[in-house]
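Let me begin by presenting the structure, written as structure tokens, before commenting on it.
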Amino acid sequence: MIWSIDHPDHGPMDLIYADPRRFGFIDLLDQIEDSPYLKGLGPEPLGNQFNAQMLADAFRSKKAPVKAALLDQRVVAGLGNIYVAEALFRAHILPTVMALSLVTKDGHPKPALEALARAVVAVLTEAIQVGGSTLKDFRNAEGGSGYFQHSFAVYDRADQRCPTPECTGTISRIVQSGRSSFFCPVCQKQP
Ligand SMILES: [Zn+2]
């Protein structure tokens, strides 16, 4: 779908919306705060409010696996299946671990949760630098494709060797809440 718009600073432009997986929609608002869809969203993972303590506050009452907790948009906004898999891999945490188990009794993040918060930021920052992850027919504004999909460590790599140096594991795939989880059963652990 293409909208021709008249941008106040840049003049006439085309706004192109391609949604091959049909997860998205467009809403027109005067004020972004008016959107019912944005109310209750958690912080942006690359924003100032995102950190290990904020995750600990969200996780301490969560009776759900850490993977589901990270995909919950009320906890963190905008983290998808691919980056959750990559972040859990980097932090050496199994996706099946209970979110609650990453928090100390007095509500502080355990070291593994601090590693996970750092991994989320690192994975997203790298993904943005290389142009995002994309479906095959993705094109950015310059007409190029995204590249991060070529450098996933675990996502969509079932039965391949784990890329962690000196790890002898093989990447596994399981289904959690209807979504694929990819992980190394050797170097990802219950912290
Ligand atoms: Zn491994």
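When a ligand or atom number is given, it counts from 1 through the structure's own listing order. Bear in mind the structure is a predicted one, so any value in this text is a computation, not a measurement. One-based numbering along the sequence shown. Reckoned from all heavy atoms, side chains included, excluding hydrogens, waters and symmetry mates.
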Just checking Asn48: does its CG atom have more than 12 heavy atoms from other residues, nucleotides or ligands closer to it than 6.0 angstrom? no
Assess whether atom CD of Glu44 is packed by more than 12 heavy atoms of other residues, nucleotides or ligands within 6.0 Å. no
Report the residues that fulfil ring-ring contact (aromatic ring centres under 6.0 Å, His included) with Phe182, sequence neighbours left out, ordered by chain and then residue number.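 So Phe182 forms a ring-ring contact (aromatic ring centres under 6.0 Å, His included) with Tyr155.
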Less than 2.8 Å away from the Zn ion (ligand 1), how many protein N/O/S atoms can be counted, ignoring water? 4
Among pairs that include at least one residue of residues 93-121, which meet ring-ring contact (aromatic ring centres under 6.0 Å, His included), considering only residues two or more places apart or in two chains? none
Which residues, ordered by chain and number, are linked to Ile16 in its hydrophobic cluster, where ILVMFWY side chains connect at heavy-atom gaps below 4.5 Å, directly or through other members? Ile2
Identify whether the distance between the nearest side-chain nitrogen and carboxylate oxygen of Asp156 and Arg173 falls below 4.0 Å. no
